[in-house]
Novice: 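Supplied in structure tokens, the structure appears directly below.
Computed from a prediction, not measured in an experiment: that's the story for all the values here.
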Amino acid sequence: MSQVMFDLDVLRSFSTGIALGSYARAADRLGRSTSAVSAQLKKLEAQAGTVLFRKAGRGLELTDAGETLLAYAHRMLELNEEAGAAMRGADLQGWVRLGLQEDFGETLLPAVLGRFARAHPKVRIEACVARSAELRERLELGKLDLALAWDAGDQPPSLHAERVARLPLQWIGPASGDVLDAAWWKERQRREGAGRGARKSTEPLPLVLLDAPCPLRDIVTRTLDRAGVPWRHAFTSASLAALWAASSAGLGLTVRTPFGLPSHVRAIDRTAVGLPALPQMSMALYRAQANAEAPVGRLATLLLEAVRQHVQMGPAQMH
């Protein structure tokens with residue numbers, strides 16, 4: 001049986017079309033004609049020896065084999081990019097001081113730092129995980145070169161911010177399926193069972209939020225106040241991991257974007273429990289200097305690629 005040698009150029013067209021939701025847009029992005037991209041996809045199916053697409057309304061969707069190949073395509077293209085970067089930056093030296101919020105540490109840090117270290121072994125990285133206000137303060141003081149953080153719209157004018165994505169804020173509860181084992185939830189169920197004429201619940205909603213000052217904490221409480229929903233702080237902490245633990249245990253609801261949610265919590269249907277809609281939150285990549293040195297610029301590129309790939313896997317609006 002002859003060995004299959006997948007063409008990286010064809011795999012790039014394949015993955016770009018899926019990412020953009022259209023092979024016509026992929027052709028435009030890659031500077032090719034639509035017919036050329038279509039021919040590449042036929043070649044890919046021939047190489048794979050199986051059907052990769054099926055009709056879905058007026059468009060196409062991936063078969064199980066297509067989904068499997070897409071995962072490999074991402075890995076192969078990533079490795080190709082890594083090899084090219086290693087050749088271009090084999091002699092890259094220096095150090096980068098990187099700041100991240102806790103949301104991004106476990107989700108992005110291992111993969112990004114691994115890729116960077118393999119491509120640029122002579123560059124030293126110092127990483128700091130902290131809340132957004134502290135990260136921006138460190139950037140202002142020259143203690144960080146780069147930071148990925150949620151944008152509360154209050155960044156200092158001296159910082160160079162690049163908006164990366166907008167993600168919806170969601171009410172978060174335990175993954176077990178029981179939204180809350182608390183008086184608020186029981187009262188909510190009783191009131192809904194009584195019908196429309198029932199008095200509004202006066203039992204405050206228990207909240208699990210980060211310690212003040214926290215922009216997200218302010219957003220949540222203002223949203224509830226405007227909706228006339230009483231609330232109380234059931235659990236506060238400086239640690240996001242502690243919030244996940246408290247929410248998982250049913251002490252109260254927390255609020256976060258879908259980015260980096262651990263498996264023991266989940267987004268809940270707000271309409272099912274009568275909670276107000278929440279706004280979206282912007283993610284930004286901050287640079288201490290507009291024209292950073294080469295190691296900083298390279299790490300920034302890898303971070304942006306990793307974020308965009310992660311966001312494409314879930315609901316988000318990209319800038």
Novice: Looking at residues at least two apart in the chain, or sitting in another chain, which of them share a side-chain hydrogen bond (donor to acceptor under 3.5 Å, both in side chains) with K143?
Specialist: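 So K143 forms no side-chain hydrogen bond (donor to acceptor under 3.5 Å, both in side chains) with any residue.
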Novice: Donor-acceptor check, side chain of R270 to backbone of L275, threshold 3.5 angstrom: yes or no?
Specialist: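 At least one qualifying donor-acceptor pair exists.
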Novice: Count the heavy atoms of every other residue, nucleotide or ligand shown that sit under 6.0 Å from CG of D64, and state whether that count exceeds 12.
Specialist: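 Open.
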Novice: Could you go through K43 and E45, starting from their C-alpha distance and side-chain angles, then the distance that decides it, and tell me whether this counts as salt bridge (Lys or Arg N to Asp or Glu O under 4.0 Å)?
Specialist: CA-CA 6 Å; K43 175 184 176 182; E45 281 196 323; over 6 Å; no
Novice: Looking at every heavy atom in both C128 and L144, which two are closest together, and how far apart are they?
Specialist: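 Scanning both residues completely, I find the closest heavy atoms to be CB-CD2, 4.3 Å.
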Novice: Rounded to the nearest 0.5 Å, what separation is found between the OG atom of S132 and the CG atom of L148?
Specialist: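 Interatomic distance, S132 OG to L148 CG, rounded to 0.5 Å: 11.0 Å.
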Novice: Judged by modelled atom types alone, do D269 and W171 share a side-chain donor-acceptor pair under 3.5 Å?
Specialist: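 Looking only at side-chain atoms, W171 and D269 do not form any donor-acceptor pair under 3.5 Å.
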Novice: Applying the 4.5 Å side-chain criterion to the ILVMFWY set and letting contacts propagate, would L169 and W231 be lumped into a single cluster?
Specialist: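 Per the 4.5 Å side-chain linkage, L169 and W231 are co-clustered.
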Novice: Report yes or no: does R131 contribute a side-chain atom to a donor-acceptor pair with the main-chain N or O of P213 at less than 3.5 Å?
Specialist: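 Checked: pair present.
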Novice: List for me each residue that meets side-chain contact (heavy atoms from CB on, under 4.5 Å) alongside A245, sequence neighbours excluded, and say none if there are none.
Specialist: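 side-chain contact (heavy atoms from CB on, under 4.5 Å) check on A245 returns nothing, list empty.
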Novice: Minimum heavy-atom separation for D151 to A284, with atom names?
Specialist: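 Where D151 meets A284 most closely, the heavy atoms are CB-CB, 4.1 Å.
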Novice: Under 3.5 Å, is there a donor-acceptor pair between the side chain of R97 and the main chain of L139?
Specialist: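 Pair absent, no side-chain N/O of R97 close to backbone of L139.
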Novice: Would you say the side chain of D145 lies within less than 4.5 Å of the side chain of L98, judging by non-hydrogen atoms?
Specialist: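 They are not in side-chain contact.
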Novice: Return the set of residues passing side-chain hydrogen bond (donor to acceptor under 3.5 Å, both in side chains) with E162 (not counting sequence neighbours), or none when no residue passes.
Specialist: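 E162 satisfies side-chain hydrogen bond (donor to acceptor under 3.5 Å, both in side chains) with R287 only.
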Novice: Please report the closest heavy-atom contact between A267 and L261, naming both atoms and the distance.
Specialist: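 The pair with the smallest heavy-atom distance is N-CD1, 4.4 Å.
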Novice: Which distance, rounded to the nearest 0.5 Å, do you find between the CD of E78 and the CG of N80?
Specialist: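 Spacing of CD (E78) from CG (N80) equals 11.0 Å.
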Novice: Give the C-alpha distance, both sets of side-chain angles, the deciding distance and a yes or no for side-chain contact (heavy atoms from CB on, under 4.5 Å) between L69 and L62.
Specialist: CA-CA 10 Å; L69 183 59; L62 292 177; over 6 Å; no
Novice: Do the side chains of R115 and E305 get close enough for a salt bridge, i.e. N-O under 4.0 angstrom?
Specialist: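 Salt bridge: yes.
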Novice: Which pair of heavy atoms, one from R136 and one from W150, lies closest together, and at what distance?
Specialist: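 In terms of heavy atoms, the two residues are closest at NH1-O, 3.4 Å.
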Novice: Does D9 have any side-chain hydrogen bond (donor to acceptor under 3.5 Å, both in side chains) partners at least two apart in sequence or in another chain, and if so, which?
Specialist: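 R32, Q40.
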Novice: Do Y23 and T34 come close enough that some side-chain heavy atom pair is under 4.5 Å?
Specialist: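 Heavy-atom side-chain distance check fails, nothing below 4.5 Å.
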Novice: Shared ILVMFWY cluster between W244 and V129, side chains joined below 4.5 angstrom?
Specialist: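 The answer is no; the residues belong to distinct hydrophobic clusters.
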Novice: Please answer whether the main-chain N or O of A26 pairs with a side-chain N or O of T16 as donor and acceptor at a distance below 3.5 Å.
Specialist: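 Pair absent, no side-chain N/O of T16 close to backbone of A26.
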Novice: Show the nearest heavy-atom pair for residues V123 and P295, with the distance to one decimal.
Specialist: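 Heavy atoms only, the tightest pair is CG1-CB, 3.9 Å.
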Novice: Are I125 and W95 close enough that some pair of their side-chain heavy atoms sits under 4.5 Å apart?
Specialist: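 In short, these two side chains do not touch, never coming nearer than 4.5 Å.
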Novice: Taking the side chain from Q47 and the backbone from M5, do they hold a donor-acceptor pair closer than 3.5 Å?
Specialist: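 Yes.
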Novice: Got a sec: does the CZ of R217 have more than 12 other heavy atoms crowding it under 6.0 Å?
Specialist: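 Counting neighbours around CZ of R217, more than 12 heavy atoms of other residues, nucleotides or ligands fall under 6.0 Å, so yes.
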Novice: If you round to the nearest 0.5 Å, how far is CG of D225 from CZ of R222?
Specialist: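 It is 9.5 Å, given to the nearest 0.5 Å.
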Novice: Give, for atom CD1 of I219 and atom CD of Q280, the distance between the pair rounded to the nearest 0.5 Å.
Specialist: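 With rounding to 0.5 Å, CD1 (I219) is 11.5 Å from CD (Q280).
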Novice: Output, in order, the C-alpha distance, side-chain angles, deciding distance and verdict of side-chain contact (heavy atoms from CB on, under 4.5 Å) for V255 and I172.
Specialist: CA-CA 6 Å; V255 170; I172 307 295; 5.8 Å; no
Novice: Are any non-hydrogen side-chain atoms of P174 and R266 less than 4.5 angstrom apart?
Specialist: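 With C-beta onward as the side chain, the pair stays apart.
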Novice: To the closest 0.5 Å, what do you measure between CG (L210) and CZ (F235)?
Specialist: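 Here the interatomic distance stands at 10.0 Å.
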Novice: With ring pair (Phe, Tyr, Trp, His ring centres under 6.0 Å) as the rule and sequence neighbours excluded, what pairs involving residues 250-284 come up?
Specialist: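 For residues 250-284, and leaving out neighbouring residues, the ring pair (Phe, Tyr, Trp, His ring centres under 6.0 Å) pairs sorted by first residue read F104-F259, F259-H310.
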Novice: Looking at residues at least two apart in the chain, or sitting in another chain, which of them share a side-chain hydrogen bond (donor to acceptor under 3.5 Å, both in side chains) with S33?
Specialist: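 So S33 forms a side-chain hydrogen bond (donor to acceptor under 3.5 Å, both in side chains) with S35.
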Novice: Does a side-chain heavy-atom distance below 4.5 Å link P276 with V229?
Specialist: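 P276 reaches V229 side chain to side chain.
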Novice: Check whether any side-chain heavy atom of L146 lies under 4.5 Å from a side-chain heavy atom of L303, and answer yes or no.
Specialist: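 Yes, side chains in contact.
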Novice: Using the rule given for side-chain contact (heavy atoms from CB on, under 4.5 Å), can you reason through L207 versus T254, listing the C-alpha separation, both sets of side-chain angles and the distance that settles it, and then say yes or no?
Specialist: CA-CA 6 Å; L207 296 176; T254 191; over 6 Å; no
Novice: State, with a plain yes or no, whether a side-chain heavy atom of Q289 is found less than 4.5 Å away from one of V296.
Specialist: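 Q289 does not reach V296 side chain to side chain.
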Novice: Salt bridge or not for E126 and R124, using N-O below 4.0 Å?
Specialist: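 Salt bridge between E126 and R124, a charged N being under 4.0 Å from a carboxylate O: yes.
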Novice: Heavy-atom distance under 4.5 Å between the side chains of Q101 and L135, does that happen here?
Specialist: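 In short, these two side chains touch, coming nearer than 4.5 Å.
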Novice: Cluster question for you: counting only ILVMFWY and a side-chain heavy-atom cut-off of under 4.5 Å, with indirect links fine, are F53 and L44 together?
Specialist: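 F53 clusters together with L44.
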Novice: With side-chain contact (heavy atoms from CB on, under 4.5 Å) as the criterion, how do H74 and S15 come out once you've worked through the C-alpha distance, each side chain's angles and the decisive distance to 0.1 Å?
Specialist: CA-CA 7 Å; H74 286 154; S15 64; 4.0 Å; yes
Novice: Checking side chain to side chain contact (heavy atoms under 4.5 Å, CB included) against L253, which of V220, V208, I268, L209 comes through?
Specialist: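 So the option named by the test is I268.
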Novice: Can L20 be reached from I18 by stepping across I, L, V, M, F, W or Y side chains whose heavy atoms are under 4.5 Å apart?
Specialist: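 No, I18 does not connect to L20 through the hydrophobic network.
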Novice: Does one hydrophobic cluster hold both L11 and L30, with members joined at side-chain heavy-atom distances below 4.5 Å?
Specialist: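 Looking at the clustering, L30 is in a separate group from L11.
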Novice: Nearest 0.5 Å, what's the CG-OG1 distance between L216 and T221?
Specialist: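 Rounded to the nearest 0.5 Å, the CG-OG1 separation comes to 9.5 Å.
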Novice: Quick one: closest heavy-atom pair of P258 and Q170, and the distance?
Specialist: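 So the two residues come closest at CG-OE1, 3.6 Å.
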Novice: Report the C-alpha separation of R166 and S282 in whole Å, then their side-chain angles, then the decisive distance to 0.1 Å, and conclude whether the side chain to side chain donor-acceptor pair (under 3.5 Å) test is met.
Specialist: CA-CA 4 Å; R166 282 179 64 79; S282 292; 2.9 Å; yes
